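Single-structure report; data block below.
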There are 2 protein chains.
Amino acid sequence: MGSVTLREVADAAGVDVSTASRALSADKSSLVSTATRIRVLEAAERLGYRANLQASALRRGRTGVVGVIVADLSNPFIGPVLRGIANALGARGVLPIMTETRDSSDELTQICDKLLSQRVDGIITTAGRYRDRALLRRVADEVPTVLAVRELPGSGIPVISHDDRAGGGLAARHLISQGHSDLAQLIGPGDVWSFEARAKGFREAADAAGAPCLDVQASVRLPTVEAGRQLAEALLDRPGPKPTGVFAHNDSIAIGAISALRERGLECPADISVVGYNDVPLTDQLRPPLTTIRLPGYELGRLAAELVSSRIDGTGTEATTERVVLEPELIVRDSTSPPKSI
Amino acid sequence: MGSVTLREVADAAGVDVSTASRALSADKSSLVSTATRIRVLEAAERLGYRANLQASALRRGRTGVVGVIVADLSNPFIGPVLRGIANALGARGVLPIMTETRDSSDELTQICDKLLSQRVDGIITTAGRYRDRALLRRVADEVPTVLAVRELPGSGIPVISHDDRAGGGLAARHLISQGHSDLAQLIGPGDVWSFEARAKGFREAADAAGAPCLDVQASVRLPTVEAGRQLAEALLDRPGPKPTGVFAHNDSIAIGAISALRERGLECPADISVVGYNDVPLTDQLRPPLTTIRLPGYELGRLAAELVSSRIDGTGTEATTERVVLEPELIVRDSTSPPKSI
DNA sequence: TTGTATGCGTTATCAT
DNA sequence: ATGATAACGCATACAA
C-alpha cells in the first residue's frame with residue numbers, strides 16, 4: 001500500500017522531517033513557526049498523511065494499546081465491563097485488544113505471551129484464577145497490569161473489584177428476612193475469587209442467623225445455564241430436608257436451576273426461592289424476574305481502565321490505588337418470596 | 001522496561017543478529033546449522049527473549065492485528081460474533097482490536113482513522129450504515145475489509161451475512177400459518193441493512209398471503225428493549241383494528257414490546273403473538289419463551305475472520321468470495337400461538 | 001526556529 | 001552457513 005510517510009510530507013512542504021514531525025505533534029507544535037506549521041499541515045492533508053503508530057511506538061516505547069483478557073466473551077455480564085473499558089480507554093486515545101481464555105490457563109499463558117510481544121502498554125484481566133497467580137505476577141512485573149472483577153489475593157497486583165463477600169451476605173440476609181430457614185448455595189467453579197468470596201459471605205451470614213446452609217459445588221469449568229441445571233439436580237438428589245432458599249452464584253446458574261427445578265415439579269418462588277448474581281441484562285424479563293445482586297460491571301471496567309492508564313502514565317501513586325472495592329446491591333424481584341409453610 | 005533484544009541474544013550466543021533472527025524465525029530456521037540454532041534458542045530462553053512485534057511489523061509491513069468494529073457491545077447478539085472472530089483469528093496467530101461505534105458515524109470515522117494509523121492488517125465491521133458507505137469504501141481501499149452481518153449494497157466490499165429478507169419471510173409465514181391475518185412489524189432503526197431487509201421480506205410474504213401489514217417505524221438509534229416499548233405503544237395508539245401477529249426486528253424489541261403490551265392489558269401470546277429476531281442467549285428463558293429467528297452469529301464471525309485473513313494473505317480469489325449469505329432458521333417457542341378468535 | 005544525525009528492534013539483501 | 005549492512009517510519013538530542 002503506497003501509504004504516505006512523514007518524509008513525503010516534509011518534502012512536499014519543503015522542510016526537514018524533523019520539522020514536519022514537530023509541526024504535526026500536538027505538544028511540540030509550539031516549537032514551530034506558525035507559517036511552516038500550516039504549510040506542513042496542508043501538505044499532510046493534501047497527501048492524505050496518516051501517522052504510522054507502529055513506527056512511532058517503536059521509537060517512543062509506547063503503543064497506545066492495552067490488552068484486555070476476559071474468561072468468557074459469551075457471558076452476558078462481560079458486556080458492560082468491556083464497554084466501561086473501551087469508553088475509558090477511548091477517551092485517552094488508547095485502543096483495547098480483546099482476548100478470551102475460556103478460563104483455560106494454557107490459553108491465558110499464550111495470550112499473555114502474545115500481548116507482551118505486541119508490547120501493549122498495559123493489561124486488564126478479569127480471567128485470573130488462583131492457579132494463574134504466578135503467571136500474572138510475572139506479567140505484572142513486565143507491564144502495568146490491573147485485575148478487574150476477580151481478585152488474586154497475595155499477588156500484589158492492583159485490583160478493581162466489588163465486594164463479593166458482602167454480596168453473598170446480602171443474598172443470605174434477604175432470604176432469611178423472607179422467612180427462609182433452610183438455605184443452600186449453588187457454588188460456581190472453583191479456583192476463582194468471585195465464587196469463593198460469595199460462598200464465604202453467604203455462609204457467614206447464614207451462620208450468624210443460625211440457619212443451616214447446604215453447599216453444592218460445581219464440577220464444571222464455566223458457570224453456565226447448563227451448570228445451573230446440574231447443580232439444582234445435585235441439590236434435589238441429596239437426601240434430607242430440601243432447602244427453600246437458594247443462592248445461585250450467578251444469574252446463568254440461577255436460570256438453569258430454576259428451569260431444572262421446574263422440570264422436577266418445583267415452582268419458583270412458590271416452592272423454592274432463588275437469588276442470582278450479576279443482574280445481567282434481561283434478568284428482569286425472565287420467568288420469573290430474578291432477584292439478584294447487582295455487579296457494577298460498567299463501573300468496574302471504567303475504573304480498571306483508568307487505573308491502568310494512570311499506571312502507564314506513571315501517575316499512579318503506587319500505594320493509594322492498590323485496591324478499589326465497589327459495593328454490591330440487592331435487586332429484589334419475583335424469584336424470592338416467603339416460604340409456603342409460613 | 002529492560003526488555004531483552006535480539007541483539008543481546010545474538011551476543012550471548014556468539015552469533016550475529018541476522019543469524020539469530022534466522023534461527024528464531026519459524027520458516028527460515030532451516031538456513032541455520034542445527035548447532036547454532038539450538039545455541040541461539042537456548043540463549044533466547046535463558047535471557048527471556050520475547051520478539052518485539054512492533055519492530056517486526058515495521059520491517060515486514062504486517063502487524064498481525066485486525067480491527068473489529070461493532071455498533072453496540074452491549075447487544076447480546078454480538079457475543080457469539082466476537083467469539084467467532086476471536087477464535088478464527090486466534091488460530092492464525094492474529095489478535096483482534098475491538099471497538100464500538102454506538103452506531104454513530106462520527107465515532108466510526110474516528111475509529112477507522114485510529115485503526116488505519118495502527119496499521120492493522122485488516123478490518124471487520126458489523127457497524128456499517130448506509131450513510132457510511134463512502135467512508136468504508138475508502139477504508140476498504142486502504143486495507144482488506146470485510147463486512148459482517150450488515151450488508152452495504154453497492155459498496156463493493158466483501159460481506160459475510162445471512163439472509164435477513166428470508167428471515168422476515170419466515171416470521172411472516174409462521175404467523176400466517178398460525179392463523180393470524182392482521183400483521184404488524186416493529187421496524188428497527190433506519191439506515192441499516194438488516195432491518196430494511198427484514199422489513200422487506202416480512203412485507204413481501206404478508207402481501208403474498210393477502211394479509212394486511214402495519215409498519216411501525218422506530219425513531220431511535222439503537223434497537224433496545226426501551227425502543228421495543230415505544231414501538232409497541234405507538235402500535236396500540238394507532239386507530240383501527242389491532243393486529244394479532246407482530247414481528248419485532250430483534251429480540252430486545254420483542255422483549256420491550258411484550259412488556260409494554262402486558263402493561264396495557266394484552267398478554268402474549270394469548271392476545272397477541274410476537275416473533276423476535278437473533279435468538280440471543282436466554283430468549284428461551286423469557287416470559288414467555290420467545291419464538292424467534294436464529295441469526296448464526298458465531299458462524300458469521302468465524303467466516304468473516306477467515307475471509308479477511310485470506311484477503312490479507314492475498315489468497316482470496318477476488319471474484320469468488322465477494323458475498324456469503326447464510327440461512328436463517330425459525331425457532332418456534334411460546335410467544336406465538338393461533339389468535340383467540342379462531 | 002530549523003536542520004543534522006542517530007537509534008528504536010527487526011528482517012532482508014547482499015556478500016563472504 | 002554466516003556476517004555485515006541497510007532500511008522500515010518516526011522522534012529526539014544536539015547543533016546551528
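Below, chain A is the first sequence line, B the second, and so on; all start at residue 1. Note that these values count all heavy atoms, side chains included, but never hydrogens, waters or copies made by symmetry. Please read all numbers here as calculations on a predicted model, not as lab measurements.
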**Study point:** Pair B:Glu42 + B:Arg39, salt bridge at N-O below 4.0 Å
**Key:** no
Check your understanding: Can you list the residues that meet the side chain to side chain contact (heavy atoms under 4.5 Å, CB included) rule with A:Thr145, with sequence neighbours excluded?
Key -> A:Ile123, A:Val139, A:Ala140, A:Val143, A:Ile157
Listing time: all N or O pairs from protein to nucleotides 12-16 of chain C that are below 3.5 Å?
unit_1	atom_1	unit_2	atom_2	d
C:dA12	OP2	B:Lys28	NZ	2.9
C:dA12	O4'	B:Arg59	NH2	3.0

Study note, to complete from the structure: Here the gap from A:Thr126 atom OG1 to A:Phe77 atom CZ, rounded to the nearest 0.5 Å, amounts to 5.5 Å
Practice item. Please work out if B:Ala51 contacts a base, only the sugar-phosphate, or nothing of the nucleic acid, heavy-atom cut-off 4.0 Å. Key: sugar-phosphate
Review point. Side chains of A:Leu152 and A:Val159: does their closest heavy-atom pair fall under 4.5 Å?
Key: no
Check your understanding: In residues 110-118 of chain B, which ones come under 4.0 Å of DNA chain D, going by heavy atoms?
Key -> none
Check your understanding: Will you find, in the side chains of B:Ser18 and B:Asp16, an N or O donor that is under 3.5 Å from an N or O acceptor?
Key -> yes
Check your understanding: Do A:Leu31 and A:Ser25 have side chains that get closer than 4.5 Å, going by heavy atoms?
Key -> no
Review point. Salt-bridged, B:Arg302 to B:Glu306, with N to O below 4.0 Å?
Key: yes
Review point. Does a side-chain N-to-carboxylate-O contact under 4.0 Å join A:Arg133 and A:Glu151?
Key: no
Practice item. Check every nucleotide of DNA chain D for an atom under 4.0 Å from a heavy-atom of chain B, then give the first and the last such nucleotide from 5' to 3'. Key: D:dA1 to D:dG9
**Study point:** N-O pairing of B:Asp103 and B:Arg221 below 4.0 Å
**Key:** no
**Study point:** Distance, rounded to the nearest Å, where B:Gln54 contributes CD and C:dC8 contributes C1'
**Key:** 11 Å
**Study point:** Inter-axis angle, terminal five-pair segments of the helix from C:dT1-D:dA16 to C:dT16-D:dA1 [nearest 10°]
**Key:** 40°
**Study point:** Criterion salt bridge (charged side-chain N to carboxylate O under 4.0 Å, His left out) on A:Asp313 and A:Arg62, from CA distance to verdict
**Key:** CA-CA 10 Å; A:Asp313 296 341; A:Arg62 270 215 200 174; 3.4 Å; yes
Point to revise | DNA chain D contacts among residues 32-47 of chain B, heavy-atom distance under 4.0 Å | key: B:Val32, B:Ser33, B:Thr36
Check your understanding: Just how far is it from atom CD of A:Glu100 to atom CD1 of A:Ile69, taken to the nearest 0.5 Å?
Key -> 12.0 Å
**Study point:** Side-chain N,O (B:Thr5) to OP1/OP2 (C:dG9) below 4.0 Å
**Key:** no
Exercise for review: Run the salt-bridge test on A:Arg311 and A:Glu322 with the 4.0 Å N-O cut-off and return the result as yes or no.
Suggested key: yes
Point to revise | 5′-ward residue of the pair B:Val15/A:Ser25 relative to DNA chain D | key: B:Val15
Review point. Contact class for A:Leu58 (heavy atom, under 4.0 Å): base, sugar-phosphate, or nothing?
Key: base
**Study point:** Close side-chain approach of A:Ile312 to A:Val94, heavy-atom, < 4.5 Å
**Key:** no
